[in-house]
Amino acid sequence: MSQLTEVEGRRLALSNLDKVLYPSGFTKAEMLHYYATTAPFLLPHLRDRPLSFYRYPDGSEGEHFFAKNLPLGTPDWVRTAVVPRSGAGETGRHVLVQDLPTLMWAANLVTEFHTPQWKAADPGLADRLVFDLDPGPPATIVECCAVARWLRERLAADGLELLAKTSGSKGLHILAALEPVPSERVTAYAKGLAIEAERALGGLVVHRMARKLRPGKVFVDWSQNTAAKTTATPYTLRARPTPTVSAPVTWDEVEGCGDPAELAFVVGDMAERLAARGDLLAPLLEPGGALPGTP
């Protein structure tokens with residue numbers, strides 16, 4: 001059953017508002033309310049970046065699947081962009097979430113929001129660097145914070161300011177704004193730093209993806225900088241057992257983290273954090289630093 005509503009002059013049919021999406025009882029109506037109230041902070045991080053959907057229409061315990069092509073029934077007022085795909089000469093048409101009506105239409109599909117490190121106008125020119133710090137049990141986000149502190153100091157030596165957010169899952173994302181530069185150069189730089197971190201931090205870090213190498217260590221995933229990859233957008237809900245959020249955090253919080261629960265944020269935490277702190281990732285939206293070696 002759908003409910004018609006109007007958002008900034010656009011008519012939307014919002015469906016199944018009473019549907020429970022998380023075992024805690026968190027409903028689709030609550031999800032839509034979260035995105036509507038968080039939109040001033042979320043939209044700038046989505047704007048101009050081709051969207052990849054990670055959908056879970058039957059809730060966090062149902063089927064999950066990635067989708068990049070335009071969903072069936074996409075309204076004609078939704079902005080889109082043709083962008084290159086990984087295959088030679090291949091392209092695809094992606095949604096651009098430029099405004100509140102598009103955000104609410106997309107959220108109604110029940111999706112995580114994932115975006116690349118480049119904008120649709122300049123595909124393949126990365127304007128940010130990202131490391132996805134993924135702990136292999138029994139390591140946790142606490143160990144990720146130790147690695148993040150090392151990377152922060154190391155990148156500061158190269159003139160880059162790192163910012164941090166939780167992944168909304170187990171780990172931590174650290175990011176820096178860049179002057180636009182080809183994605184392959186950012187990927188090579190990030191890989192070099194991941195290898196350097198592995199050497200510097202002894203048995204704590206692994207830079208290769210192989211699962212057998214990861215128990216008790218932090219995988220520094222540098223590959224998310226490749227043009228074909230996407231990362232969970234700041235403030236997106238995640239399809240986890242609870243309605244967790246990929247939440248920006250301060251470096252004081254990273255420095256002081258001694259328990260994974262200290263950096264586990266759910267929807268109910270976000271209004272107070274945003275009121276008190278604003279968008280901790282706002283510097284990502286400003287012109288960034290030069291990648292070392294860039295003329």
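Residue numbers start at 1 and run along the sequence shown.
- Counted by atom type alone, Asn225 and Tyr189 present zero donor-acceptor pairs between their side chains at under 3.5 Å.
- Applying the ring pair (Phe, Tyr, Trp, His ring centres under 6.0 Å) rule to pairs touching residues 66-86 yields Tyr54-Phe66, Phe66-His114, sequence neighbours excluded.
- Looking at every heavy atom in both residues, Ile174 comes nearest to Ala148 through CG2-CB, 4.0 Å.
- Remark: Lys170 NZ is packed, more than 12 non-hydrogen atoms of other residues, nucleotides or ligands lying under 6.0 Å away.
- Looking at Thr187, its side chain does come within 3.5 Å of a backbone N or O of Ser183 through a donor-acceptor pair.
- Qualifying side-chain hydrogen bond (donor to acceptor under 3.5 Å, both in side chains) partners for Ser60, counting only residues two or more places apart in sequence or in other chains: none.
- Residues satisfying the side-chain contact (heavy atoms from CB on, under 4.5 Å) criterion with Asp58, sequence neighbours excluded, are Lys19.
- Applying the salt bridge (Lys or Arg N to Asp or Glu O under 4.0 Å) test to every pair with at least one member in residues 30-57, sequence neighbours left out, gives these pairs: Arg49-Asp127.
- Between the side chain of Glu262 and the backbone N or O of Gly258, at least one donor-acceptor pair lies under 3.5 Å.
- Contact check for Val206 versus Val218: no side-chain heavy atoms found under the 4.5 Å cut-off.
- Under the 4.5 Å side-chain criterion, counting only non-hydrogen atoms from C-beta, Leu51 is not in contact with Leu96.
- Residue Ile195 belongs to no hydrophobic cluster, having no ILVMFWY side-chain heavy atom closer than 4.5 Å to its own.
- Around the CD atom of Glu61, the shell of radius 6.0 Å holds no more than 12 heavy atoms that belong to other residues, nucleotides or ligands.
- Checked against side-chain contact (heavy atoms from CB on, under 4.5 Å), Leu4 has the following partners two or more places apart in sequence or in another chain: Arg11, Ala13.
- Phe113 and Tyr35 have their aromatic ring centers within a separation under 6.0 angstrom.
- Listed by first then second residue, pairs satisfying side-chain hydrogen bond (donor to acceptor under 3.5 Å, both in side chains) with a partner in residues 264-274 read Glu253-Arg273, not counting sequence neighbours.
- Panel note: side chain Ser246, backbone Pro234; no donor-acceptor pair is recorded below 3.5 Å.
- Criterion: ILVMFWY side-chain heavy atoms under 4.5 Å apart, direct or through other members. Under it, Leu70 and Leu12 are part of a common hydrophobic cluster.
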- Message: Between Asp158 and Arg154, is the side-chain contact (heavy atoms from CB on, under 4.5 Å) condition met? List the steps.
- Response: CA-CA 7 Å; Asp158 282 346; Arg154 176 62 184 81; 2.9 Å; yes

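- A 4.5 Å side-chain heavy-atom check between Asn108 and Ser15 finds at least one atom pair inside the cut-off.
- Between the Thr244 side chain and the Gly168 main chain, a donor and an acceptor come within less than 3.5 Å of each other.
- In the model, Gln117 has a side-chain atom that pairs as donor or acceptor with a side-chain atom of Thr231 under 3.5 Å.
- Applying the salt bridge (Lys or Arg N to Asp or Glu O under 4.0 Å) test to residues at least two apart or on different chains, the pairs with a partner in residues 102-115 are Glu112-Arg238.
- The other residues sharing a hydrophobic cluster with Leu163 are Val130, Leu175, Leu281, Leu284, where clustering joins ILVMFWY side chains under 4.5 Å apart.
- When the side-chain contact (heavy atoms from CB on, under 4.5 Å) test is applied to Asp122, the partners found at least two apart in sequence or on another chain are Leu125.
- A side-chain donor-acceptor contact under 3.5 Å links Asp221 and Ser223.
- A donor-acceptor pair under 3.5 Å links the side-chain atoms of Thr38 to the main chain of Tyr34, judged by distance alone.
- Heavy atoms from other residues, nucleotides or ligands lying under 6.0 Å from CD of Glu153 number 12 at most.
- The other members of the hydrophobic cluster of Val83, by chain and number, are Trp118 (side-chain heavy atoms under 4.5 Å, ILVMFWY only).
- Between the Thr37 side chain and the His33 main chain, a donor and an acceptor come within less than 3.5 Å of each other.
- In this structure, Pro40 has no side-chain contact (heavy atoms from CB on, under 4.5 Å) partners at least two apart in sequence or on a different chain.
- Aromatic ring orientation, Tyr22 versus Tyr56: perpendicular (interplanar angle above 60°, classes split at 30° and 60°).
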